[in-house]
There are 2 protein chains.
Amino acid sequence: MTQVPQISDAEWEVMKVLWAKSPCTANEVIEVLESRTEWKPKTVRTLLNRLAQKEAISYTLVHKVYAYFPLVSADECVKSETDSFLKRIYGGAFKPLLVNFLKEEKLSPEEIKELKNILDDKSK
Amino acid sequence: MTQVPQISDAEWEVMKVLWAKSPCTANEVIEVLESRTEWKPKTVRTLLNRLAQKEAISYTLVHKVYAYFPLVSADECVKSETDSFLKRIYGGAFKPLLVNFLKEEKLSPEEIKELKNILDDKSK
DNA sequence: CTAGTTAGATTACACTTGTAATACATTCAT
DNA sequence: ATGAATGTATTACAAGTGTAATCTAACTAG
């Protein structure tokens with residue numbers, strides 16, 4: 001079932017960059033991440049290597065430099081992470097998560113309205 | 001701010017037992033987890049120790065045996081995990097998660113209705 | 001051509017986690 | 001009182017992670 005590989009927190013940041021735009025050279029990734037994190041360039045390169053090893057990404061030579069691109073889609077990964085998160089924390093049920101969010105007042109009235117619209121669309 | 005400590009996947013299983021009923025002796029926890037997991041008793045004891053070290057739980061002597069109990073509430077931990085999950089995967093926004101769920105057809109019509117009711121209640 | 005710069009490969013190192021085993025201390029049964 | 005059992009403490013050990021530094025090969029500017 002072509003499982004998606006385990007992607008750690010730090011690696012996830014790198015994936016986000018590549019999902020947003022790829023292929024991307026190491027330096028391009030480094031540059032994007034410099035604004036968001038405190039990571040040294042070498043750190044980002046390590047993460048790229050690890051992702052390539054676990055076959056979450058791959059690369060080709062472009063103008064004598066590697067250009068990296070994802071092998072797994074954001075959708076697949078998000079789905080897999082969400083599933084395991086829900087299973088771990090909420091026993092697989094979505095409703096408690098929503099209830100929890102509402103309890104925590106995390107949603108503005110506008111958002112609530114929006115969510116209702118989504119649900120309405122879906123039930124049609 | 002009393003941050004909740006980092007609780008790993010395996011540790012989370014132990015916390016669930018203690019949140020469900022506590023105080024609990026090590027053997028009681030072990031017994032509950034034997035039905036749900038393949039863990040050896042020693043493994044569960046390790047997890048109890050680690051949780052005590054990170055002050056997620058504590059214990060007292062009861063009839064010459066330790067009885068363990070949580071120091072952090074399930075609510076706190078669930079909230080903290082959910083926040084960091086959403087931040088990591090969905091950039092902190094709840095809506096994409098719901099959209100994703102609907103896209104994946106994870107929700108039955110009944111569940112959708114239920115969710116709508118929850119939202120209705122909330123917006124009143 | 002030679003030295004500095006740079007991209008990529010290799011190595012580092014401590015902390016966490018999963019998964020226990022071993023060692024020690026106390027209690028119970030005889 | 002002694003040995004067996006049981007609860008607790010200490011130790012183990014590899015894989016994964018965060019966070020890089022060092023080494024090497026190639027490229028570029030003089």
Side-chain angles (χ1 to χ4, degrees), chain A residues 3-18 23-34 36-69 77 80-81 84-85 87-89, chain B residues 3-18 23-34 36-69 77 80-81 84-85 87-89:
Chain A
Q3 299 294 25
V4 307
Q6 282 307 113
I7 296 173
S8 78
D9 281 24
E11 288 162 2
W12 196 270
E13 289 304 312
V14 174
M15 291 306 290
K16 281 202 249 181
V17 175
L18 293 178
C24 237
T25 67
N27 279 336
E28 286 169 333
V29 176
I30 287 166
E31 197 183 346
V32 172
L33 287 176
E34 240 159 33
R36 297 187 200 160
T37 70
E38 299 295 311
W39 298 339
K40 301 276 151 49
K42 300 289 186 183
T43 301
V44 177
R45 279 172 190 281
T46 299
L47 295 172
L48 284 169
N49 282 333
R50 286 183 184 166
L51 285 167
Q53 265 179 253
K54 43 176 91 165
E55 299 186 278
I57 68 179
S58 187
Y59 49 85
T60 47
L61 262 188
V62 177
H63 304 126
K64 319 255 183 182
V65 203
Y66 286 163
Y68 295 86
F69 55 90
C77 291
S80 136
E81 288 290 323
S84 79
F85 167 76
K87 192 159 162 225
R88 182 164 105 95
I89 305 299
Chain B
Q3 299 296 23
V4 307
Q6 282 307 113
I7 295 174
S8 79
D9 281 24
E11 287 161 3
W12 195 271
E13 288 304 312
V14 174
M15 291 306 289
K16 281 202 247 182
V17 175
L18 293 178
C24 237
T25 66
N27 279 335
E28 286 168 332
V29 176
I30 287 166
E31 197 183 347
V32 172
L33 288 176
E34 241 159 32
R36 297 187 201 160
T37 71
E38 299 294 312
W39 299 339
K40 301 278 152 49
K42 300 288 186 184
T43 301
V44 178
R45 279 172 189 280
T46 298
L47 295 172
L48 284 168
N49 281 333
R50 287 185 183 166
L51 285 167
Q53 265 179 257
K54 41 177 93 163
E55 298 186 280
I57 68 178
S58 187
Y59 49 85
T60 47
L61 264 187
V62 176
H63 303 127
K64 318 254 181 180
V65 204
Y66 287 164
Y68 295 86
F69 55 90
C77 291
S80 138
E81 289 290 322
S84 80
F85 167 76
K87 191 161 163 221
R88 182 165 106 95
I89 306 299

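Just so it is clear, the model here is predicted, and its values are computed rather than measured. Within every chain, numbering begins at 1; the chains are lettered A, B, ... in the order of the sequence lines, protein sequences first and strands thereafter.
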Closest nucleotide among [options] to the [X] side chain:
| X | options | value |
| --- | --- | --- |
| B:Thr46 | D:dT8, C:dT19, C:dA9 | C:dT19 |
| A:Ala26 | C:dG8, C:dT10, C:dG18 | C:dG8 |
| A:Tyr66 | D:dG18, C:dG8, D:dT10 | C:dG8 |
| A:Leu47 | D:dT8, D:dG18, D:dT10 | D:dG18 |

Looking across every strand, which nucleic acid part, if any, lies under 4.0 Å from [X] by heavy atom: base, sugar-phosphate, or nothing?
| X | value |
| --- | --- |
| B:Lys40 | sugar-phosphate |
| A:Thr43 | base |
| A:Asp9 | sugar-phosphate |

Short side-chain N/O contact from [X] to OP1 or OP2 of [N], under 4.0 Å:
| X | N | result |
| --- | --- | --- |
| A:Thr25 | C:dA7 | no |
| B:Trp39 | C:dT19 | yes |
| B:Lys64 | C:dT27 | yes |

Query raised in the report: So which one's nearest nucleotide on DNA chain C is more toward 5', B:Lys42 or B:Arg50?
Result: B:Arg50

Query raised in the report: Stepwise, does the side chain to side chain contact (heavy atoms under 4.5 Å, CB included) test hold for B:Thr60 with B:Tyr66?
Result: CA-CA 5 Å; B:Thr60 47; B:Tyr66 287 164; over 6 Å; no

Query raised in the report: Under the criterion side-chain contact (heavy atoms from CB on, under 4.5 Å), which of A:Val44, A:Leu48, A:Thr25 is the partner of A:Ile30?
Result: A:Val44

For [X] and [N], give me the distance from atom [atom1] to atom [atom2], rounded to whole Å.
| X | N | atom1 | atom2 | result |
| --- | --- | --- | --- | --- |
| A:Gln6 | C:dT16 | CD | C1' | 15 Å |
| A:Leu48 | C:dA7 | CG | P | 13 Å |
| A:Trp12 | D:dT17 | CH2 | C1' | 16 Å |
| A:Glu31 | C:dA7 | CD | C1' | 16 Å |
| B:Leu51 | C:dG18 | CG | P | 10 Å |
| A:Arg88 | C:dT17 | CZ | C1' | 12 Å |
| B:Asn27 | D:dA5 | CG | P | 16 Å |
| A:Arg45 | C:dA7 | CZ | P | 6 Å |

Query raised in the report: Heavy-atom count around A:Glu34 CD within 6.0 Å, excluding the residue itself: above 12?
Result: yes

